[in-house]
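Heads up, the thing below is written out as C-alpha cells.
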Amino acid sequence: MKGTILTFCIGFFAFIAQAQTSPQKPATAKVVTKQVVDIACGECQFKMKGKDCELAVKIDGKPYFVDGKGIDDFGDAHGKHGFCNAVSKAEVTGEIVNNRFKAKEIKLLPVKK
C-alpha cells in the first residue's frame with residue numbers, strides 16, 4: 001500500500017512539474033527614427049523568402065518586410081524604376097517588432113544622378 005501511495009505522489013508531482021511553463025519573453029521593439037535605408041521588393045531585390053512581391057527595408061544591413069505600407073503605395077512596383085526592379089533610398093520612422101518593420105512614416109528620397 002505504501003508503494004502505491006508513493007508511486008501516486010511521485011507521479012502527481014511529476015505531472016505538476018511538467019505543467020509549469022517558462023515565462024515568454026516579451027517582443028522587444030527597436031525604434032527607428034528618421035533613418036535613411038534601402039527600400040525595395042523583399043523577394044525581388046533582397047532575396048527574402050515570401051509568397052509574393054512585398055515591400056521591404058534594409059536597416060543596418062538586415063532586410064525586414066514592412067507592415068503599414070504596401071509595395072504599390074509608391075507607384076507601380078513592376079515599372080522601370082519600381083521596387084521590384086530597383087533599390088531606392090527612403091527615410092523611415094517606425095519600429096522593428098517580431099522581425100517586421102512597423103512603418104509609421106516612409107519618405108522616398110530623390111534619386112541621385
Side-chain angles (χ1 to χ4, degrees):
M1 184 73 178
K2 286 183 179 180
T4 304
I5 293 174
L6 182 61
T7 303
F8 175 76
C9 288
I10 291 172
F12 177 75
F13 288 116
F15 174 77
I16 296 297
Q18 185 68 23
Q20 300 297 318
T21 59
S22 60
Q24 297 288 329
K25 286 185 180 178
T28 57
K30 177 183 177 190
V31 176
V32 177
T33 305
K34 294 191 175 194
Q35 185 172 341
V36 176
V37 300
D38 289 336
I39 185 169
C41 175
E43 288 86 355
C44 298
Q45 295 297 319
F46 298 149
K47 307 302 180 213
M48 298 170 71
K49 292 188 180 197
K51 298 176 186 164
D52 199 6
C53 292
E54 190 176 346
L55 187 62
V57 293
K58 195 177 273 191
I59 299 172
D60 299 328
K62 183 175 179 191
Y64 300 93
F65 284 119
V66 174
D67 293 331
K69 297 287 183 181
I71 195 161
D72 288 319
D73 289 351
F74 302 93
D76 182 12
H78 294 101
K80 183 177 179 184
H81 300 287
F83 290 136
C84 290
N85 295 314
V87 176
S88 298
K89 292 285 186 185
E91 183 181 86
V92 299
T93 298
E95 57 187 11
I96 300 168
V97 180
N98 294 329
N99 264 347
R100 293 188 68 91
F101 180 69
K102 310 291 185 185
K104 290 183 182 173
E105 182 181 4
I106 296 178
K107 178 182 168 187
L108 286 180
L109 300 177
V111 178
K112 294 182 181 180
K113 294 181 182 182

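Because only heavy atoms are used, hydrogens play no part in the values below, and waters and symmetry mates are left out as well, while side chains stay in. Values in this document were obtained by computation on a predicted structure and should not be read as measured data.
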For His78, is there any backbone N or O sitting under 3.5 Å from a side-chain donor or acceptor partner on Asn85?
yes
Nearest atoms (heavy-atom pairs only) where Ala86 meets Gln45:
N-NE2, 3.8 Å
Report the distance from atom CD of Gln35 to atom OG1 of Thr93, rounding to the nearest 0.5 Å.
9.5 Å
Heavy-atom closest contact (Lys58 atom, Val37 atom, distance):
O-CB, 3.4 Å
Shared ILVMFWY cluster between Leu108 and Val32, side chains joined below 4.5 angstrom?
yes
Exercise: identify the closest heavy-atom pair between Val97 and Ala29:
CG2-CB, 3.7 Å
Say you draw a straight line from CD1 of Ile106 to CG of Leu55; how long is it, rounded to the nearest 0.5 Å?
5.5 Å
Find the distance between SG (Cys84) and CG (Asp76) and round it off to the nearest 0.5 Å.
8.5 Å
Between CD1 of Ile71 and CD1 of Ile39, what distance do you get to the nearest 0.5 Å?
9.0 Å
I'd like to know whether Asp38 forms a side chain to side chain contact (heavy atoms under 4.5 Å, CB included) with Lys89, so could you lay out the CA-CA distance, the side-chain angles of the two residues, the decisive distance to 0.1 Å, and finally the verdict.
CA-CA 5 Å; Asp38 289 336; Lys89 292 285 186 185; 2.7 Å; yes
Can you tell me how far the NZ atom of Lys107 sits from the CD atom of Glu91, to the nearest 0.5 Å?
5.5 Å
Between Phe65 and Glu43, is the side chain to side chain contact (heavy atoms under 4.5 Å, CB included) condition met? List the steps.
CA-CA 10 Å; Phe65 284 119; Glu43 288 86 355; 3.7 Å; yes
For Val66 and Ala103, work out which heavy atoms get closest and say how close.
CG1-CB, 3.9 Å
Close side-chain approach of Val92 and Lys69, heavy atoms under 4.5 Å:
no
Under 4.5 Å between side-chain heavy atoms, hopping through other hydrophobics if needed: is there a path connecting Ile59 to Phe74?
yes
Taking atom NZ of Lys62 and atom CZ of Phe101, what is their separation to the nearest 0.5 Å?
14.0 Å
